[in-house]
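We use all heavy atoms of the structure for the numbers below, so side chains are in, but hydrogens, waters and symmetry mates are not.
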Amino acid sequence: MANFSIPLRYKVLSIFLIWGAAILFLFLRYDAYGLQESAARALMFVWSIADGVAHPVVVLGAPDFRALLFVPVGVMWTGSIVAAKVFTLLILASSALLLHDWSRRTQNQECALIATGLLLVSPLALTQVDSIGSGIYLLLVPGLGYWLDRVYRENPHPMGGWYFSQILLVAVSVSLHPAGLGYPLSLLWQWYRHPVDSRQQRHYYIGIGSITLVVLLIRMGWSGLSWWANPIQSLAMVILGPSEEMTTFGWMTGGIVLAALIFIIFRKDNWIDPTKRTFTLGILLGVPSADSAWAMMVLGFLLYVGVALLINVHESIPGESFMAKRSGVLAFVFIIATIFMVNDRADYDLKRLDPVPRRDGLIAAITQQALADGKAGKRVLVASQWPGRTMIACKCDVLPLPNPAKDPNTQLQMLKGVDYMMFNPKQNEILSRNIAMLGQSTETLSIQPSGVIIRIK
């Protein structure tokens, strides 16, 4: 009887199918809560085009270029948040496969397998998928950029499809986050040090510079990001995942990750390899806006570069025993995998016990209010600090918050036609003071840790 062997690609596909099914049924939400604001705006933009509905792009601002990637999902499954999350899950799987291929080619197979396995079960990656976070799409850039550059150089055609694919990737990367600037700078560096010829080098200089400038002008920078936050909190996410509050253990974890990052990121060989260079530049440029997307870049960098460094250190240890060559690697994998799975289980339990995330409590409250008003035949207009997420959840007319006025009466005139306001007073102090001075013209409906809901009479 002949031996039956399953091809490797089918084994890999089976593993990814099992992993994807587990994520879909255990860790993803199926309601309209927990989304990232920028993702919600990109989805609303695509859905409005698919349905032929006017979209307030002038008021809300241009979405990031994830909207281009959402087009197939938005056209085929308009209004489906689950479809967008499944698509994001596929992007995470693609990122892992691309980084695995890069690590296998430039480092070793052992590092590629360990880093990929840990990435796919990390709590930060799973919560980013659930929120359709920009970190998943940002992590796609280094691996995909390496593959596109390698394919182009194997068969260079000036101004061909592979060239414009890299230019499009630059546009998506820059639109997402300041850390996305790492890719165009790394690509420019690559073509400065290793050009195919002077003509194609000039094409890349012009293309990369032009598209970066155009994207920054269209997006007017990066709206909605928190600037100059404490990076220790974001670094704690790398191991523990996002958390509402920072504990002592969280601060300690963030400090350990920071020490590891500083030790690894300033190594000279990070500037030679284009993928490592993209990670390095992205992490350094993203520090002023250290959020969960930036933490995803740090996670990918520490796993794929840090594990390879740990293996190389063990290879230099004298002796041929397993304890000499792999004891530290085994201990690292055991500890990190255990922490990841414990936090994954905690996140799963939290979603079962608390169906609505704390940061979405206000949106849930305004959704119930809009539903009650709708049953009474009243059309509701809400001014929200989070217009994209609010619009998807309450399915009502939503505008962003008005600019703070110089006095309360002027502020009231700016709110003509608005029924409810929803915002965080700590982040909008002048607006909060104006609303408080309006007296009987307003009524506070809900006060929560994430903000307040005000009725405009």
Enquirer: Kindly determine whether Trp222 and Leu176 satisfy side-chain contact (heavy atoms from CB on, under 4.5 Å), including the steps that lead there.
Expert: CA-CA 8 Å; Trp222 299 274; Leu176 291 173; over 6 Å; no
Enquirer: Answer yes or no: is there an ion pair linking Glu429 with Arg433, defined by an N-O contact shorter than 4.0 Å?
Expert: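 A salt bridge is absent here (no side-chain N lies under 4.0 Å from a carboxylate O).
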Enquirer: Atom CZ of residue position Phe334 - does it have more than 12 heavy atoms of other residues, nucleotides or ligands inside 6.0 Å?
Expert: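 For Phe334, atom CZ is not crowded (no more than 12 foreign heavy atoms under 6.0 Å).
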Enquirer: Quick one: does any side-chain atom of Arg29 pair with a main-chain N or O of Leu35 as donor and acceptor, under 3.5 Å?
Expert: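 Not a single qualifying donor-acceptor pair exists.
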Enquirer: Assess whether side-chain contact (heavy atoms from CB on, under 4.5 Å) is satisfied between Ile132 and Phe87, documenting all intermediate values.
Expert: CA-CA 9 Å; Ile132 318 181; Phe87 178 75; over 6 Å; no
Enquirer: Does any N or O in the side chain of Gln107 come within less than 3.5 Å of the main-chain N or O of Tyr304, such that one atom is a donor and the other an acceptor?
Expert: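 Yes: the side chain of Gln107 pairs with the backbone of Tyr304.
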Enquirer: Check whether the ring centres of Trp77 and Trp47 lie less than 6.0 Å apart, and answer yes or no.
Expert: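 Ring centres of Trp47 and Trp77 not closer than 6.0 Å.
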Enquirer: Donor-acceptor pair, distance only, cut-off 3.5 Å: does the side chain of Asn270 make one with the backbone of Ile265?
Expert: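 Answer holds: yes.
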Enquirer: Step by step, work out the side chain to side chain donor-acceptor pair (under 3.5 Å) result for Gln385 and Asn424.
Expert: CA-CA 8 Å; Gln385 184 176 342; Asn424 188 328; 5.6 Å; no
Enquirer: For Trp228, is the CH2 atom crowded, meaning more than 12 foreign heavy atoms sit under 6.0 Å from it?
Expert: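 No, not enclosed.
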Enquirer: Does any donor atom in the side chain of Thr88 or Tyr137 lie under 3.5 Å from an acceptor atom in the other side chain?
Expert: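 Indeed, the side chains of Thr88 and Tyr137 share at least one donor-acceptor pair under 3.5 Å.
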Enquirer: Which heavy-atom pair separates Gly34 from Ser131 by the least distance, and what is that distance?
Expert: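 Result for this residue pair: O-CB, 3.0 Å.
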Enquirer: Taking C-beta and beyond as the side chain, do Asp273 and Arg277 meet within less than 4.5 Å on heavy atoms?
Expert: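 With C-beta onward as the side chain, the pair stays apart.
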Enquirer: Could you walk me through whether Arg389 and Gln36 satisfy the side chain to side chain donor-acceptor pair (under 3.5 Å) test, starting with their C-alpha distance in whole Å, then the side-chain angles of each, then the deciding distance to 0.1 Å, before giving a yes or no?
Expert: CA-CA 7 Å; Arg389 291 160 52 199; Gln36 187 184 71; over 6 Å; no
Enquirer: If I compare all heavy atoms of Ala112 with all of Arg104, which pair ends up nearest, and what's the gap?
Expert: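 Minimum heavy-atom separation between Ala112 and Arg104: CB-N, 3.9 Å.
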Enquirer: Quick one: does Thr367's side chain get under 4.5 Å of Leu371's, heavy atoms only?
Expert: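 A side-chain contact under 4.5 Å is absent here.
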Enquirer: Taking the side chain as everything from C-beta on, heavy atoms only, tell me whether Tyr420 gets closer than 4.5 Å to Thr390.
Expert: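 When only atoms from C-beta onward are counted, Thr390 and Tyr420 do not touch, as no gap falls below 4.5 Å.
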Enquirer: To the nearest 0.5 Å, what is the distance between CE on Met296 and CG on Asp291?
Expert: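 The CG atom of Asp291 is 12.0 Å from CE of Met296, to the nearest 0.5 Å.
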Enquirer: Taking all heavy atoms of Ile453 and all of Ala365, pick out the closest pair and write down the distance.
Expert: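 Smallest interatomic distance, heavy atoms only, reads CD1-CB, 3.7 Å.
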Enquirer: Measure centre to centre between the rings of Trp271 and Trp189, then say whether the value is under 6.0 Å.
Expert: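 Between Trp271 and Trp189, the centre distance is under 6.0 Å.
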Enquirer: Nearest 0.5 angstrom please: Trp386 CH2 to Leu362 CG, how far?
Expert: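 Taking CH2 in Trp386 and CG in Leu362, the distance rounds to 5.5 Å.
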Enquirer: Mark yes or no for whether Ser122, through its side chain, and Leu119, through its backbone, hold a donor-acceptor pair below 3.5 Å.
Expert: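 Checked: pair present.
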Enquirer: Got a donor-acceptor contact below 3.5 angstrom from the Ser432 side chain to the Asn428 backbone?
Expert: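 Checking the backbone N and O of Asn428 against the side chain of Ser432, no donor-acceptor pair under 3.5 Å is found.
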Enquirer: Which pair of non-hydrogen atoms, one from Val305 and one from Lys276, has the smallest distance, and what is that distance?
Expert: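 Looks like CG2-CG, 4.0 Å.
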Enquirer: Are side-chain heavy atoms of Val298 and Leu261 found at a separation under 4.5 Å?
Expert: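 Yes, their side chains come closer than 4.5 Å.
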Enquirer: Does the side chain of Ile23 reach to within under 4.5 Å of the side chain of Leu89, using non-hydrogen atoms?
Expert: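 Touching, per the 4.5 Å side-chain cut-off.
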Enquirer: Side chains of Tyr183 and Leu144, heavy atoms from C-beta outward: is any pair under 4.5 Å?
Expert: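 Heavy-atom side-chain distance check fails, nothing below 4.5 Å.
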Enquirer: Could you tell me the separation between the CD1 atom of Ile336 and the CD1 atom of Ile339, rounded to the nearest 0.5 Å?
Expert: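 Going from CD1 on Ile336 over to CD1 on Ile339, the span is 5.0 Å.
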Enquirer: Within the 4.5 Å heavy-atom criterion, are Leu168 and Leu68 side-chain neighbours or not?
Expert: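 SC-SC contact between Leu168 and Leu68 confirmed.
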Enquirer: Determine whether a donor-acceptor pair (N or O, by modelled atom type, separation under 3.5 Å) exists between the side chain of Ser173 and the backbone of Gly180.
Expert: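 Answer holds: yes.
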Enquirer: Taking the side chain as every heavy atom from C-beta outward, state whether Ile363 and Cys394 have any pair of such atoms under 4.5 Å apart.
Expert: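 No; the side chains remain at least 4.5 Å from each other.
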Enquirer: Determine, stepwise, if the pair Ser38 / Arg66 fulfils side chain to side chain donor-acceptor pair (under 3.5 Å).
Expert: CA-CA 9 Å; Ser38 59; Arg66 267 181 299 179; 2.6 Å; yes
Enquirer: Between Gln128 and Leu139, is the side-chain contact (heavy atoms from CB on, under 4.5 Å) condition met? List the steps.
Expert: CA-CA 11 Å; Gln128 280 281 292; Leu139 187 66; over 6 Å; no
Enquirer: Rounded to the nearest 0.5 Å, what's the gap from CZ on Phe279 to CG on Leu302? Could you check?
Expert: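 Reported to 0.5 Å precision, the distance equals 9.5 Å.
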Enquirer: Crowded around Ile430 CD1? As in, over 12 foreign heavy atoms under 6.0 Å?
Expert: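 It does not: Ile430 CD1 has 12 such atoms or fewer within range.
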Enquirer: Look at the rings of Tyr348 and Phe27 and say which category their plane angle falls in: under 30° parallel, 30 to 60° tilted, over 60° perpendicular.
Expert: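 Rings of Tyr348 and Phe27: perpendicular, over 60°.
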Enquirer: To check you understand the geometry: which heavy-atom pair defines the closest contact between Ser186 and Thr278, and what is its length?
Expert: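 In terms of heavy atoms, the two residues are closest at OG-OG1, 3.2 Å.
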Enquirer: Can you name the nearest heavy-atom pair linking Gly282 to Met297, along with the distance?
Expert: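 Closest approach of Gly282 to Met297: CA-CE, 4.3 Å.
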Enquirer: Looking only at side chains, do Gln448 and Ser446 share a donor and an acceptor under 3.5 Å apart?
Expert: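 The criterion, which ignores hydrogens and geometry beyond distance, is satisfied for Ser446 and Gln448.
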Enquirer: Does the pair Arg150/Asp101 count as a salt bridge with the N-to-O cut at 4.0 Å?
Expert: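 Salt bridge present between Arg150 and Asp101.
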Enquirer: Is a side-chain N or O of Asp347 found less than 3.5 angstrom from the main chain of Asn343, in a donor-acceptor match?
Expert: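 Not confirmed, Asp347 side chain does not pair with Asn343 backbone.
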Enquirer: Regarding Arg455 and Asp419, does a basic nitrogen lie under 4.0 Å from an acidic carboxylate oxygen?
Expert: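 The answer is no: the pair does not qualify as a salt bridge.
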Enquirer: Go through the steps to decide whether Tyr152 and Gln166 satisfy the test side chain to side chain donor-acceptor pair (under 3.5 Å), and finish with yes or no.
Expert: CA-CA 9 Å; Tyr152 180 87; Gln166 293 179 77; over 6 Å; no
Enquirer: From Arg267 CZ over to Ile272 CD1, what is the distance, rounded to the nearest 0.5 angstrom?
Expert: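 Atom-to-atom, Arg267:CZ and Ile272:CD1 are 10.5 Å apart.
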Enquirer: Find the distance between CG (Leu299) and CZ (Phe340) and round it off to the nearest 0.5 Å.
Expert: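 Reported to 0.5 Å precision, the distance equals 5.5 Å.
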Enquirer: Identify whether the distance between the nearest side-chain nitrogen and carboxylate oxygen of Lys351 and Asp130 falls below 4.0 Å.
Expert: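 Salt bridge flag = yes for Asp130 with Lys351.
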Enquirer: Are the charged groups of Asp349 and Arg345 less than 4.0 angstrom apart, N to O?
Expert: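 A salt bridge is present here (some side-chain N lies under 4.0 Å from a carboxylate O).
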Enquirer: Using only atom types and a distance under 3.5 Å, with no angle test, would you say the side chain of Trp102 pairs donor to acceptor with the backbone of Trp147?
Expert: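 It does not hold such a pair.
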Enquirer: Could you tell me whether a side-chain N or O of Trp251 sits under 3.5 Å from a main-chain N or O of Ile232, the two making a donor and an acceptor?
Expert: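 No, the answer is negative, given that no donor and acceptor are paired below the 3.5 Å cut-off.
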Enquirer: Show, in sequence, the C-alpha distance, side-chain angles and deciding distance for Ile454 and Ile456, and conclude whether the side-chain contact (heavy atoms from CB on, under 4.5 Å) test is met.
Expert: CA-CA 6 Å; Ile454 306 294; Ile456 308 299; 4.1 Å; yes
Enquirer: Look at the side chain of Glu37 and the backbone N and O of Gly388, then say whether any donor-acceptor pair between them is shorter than 3.5 Å.
Expert: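 Checking the backbone N and O of Gly388 against the side chain of Glu37, a donor-acceptor pair under 3.5 Å is found.
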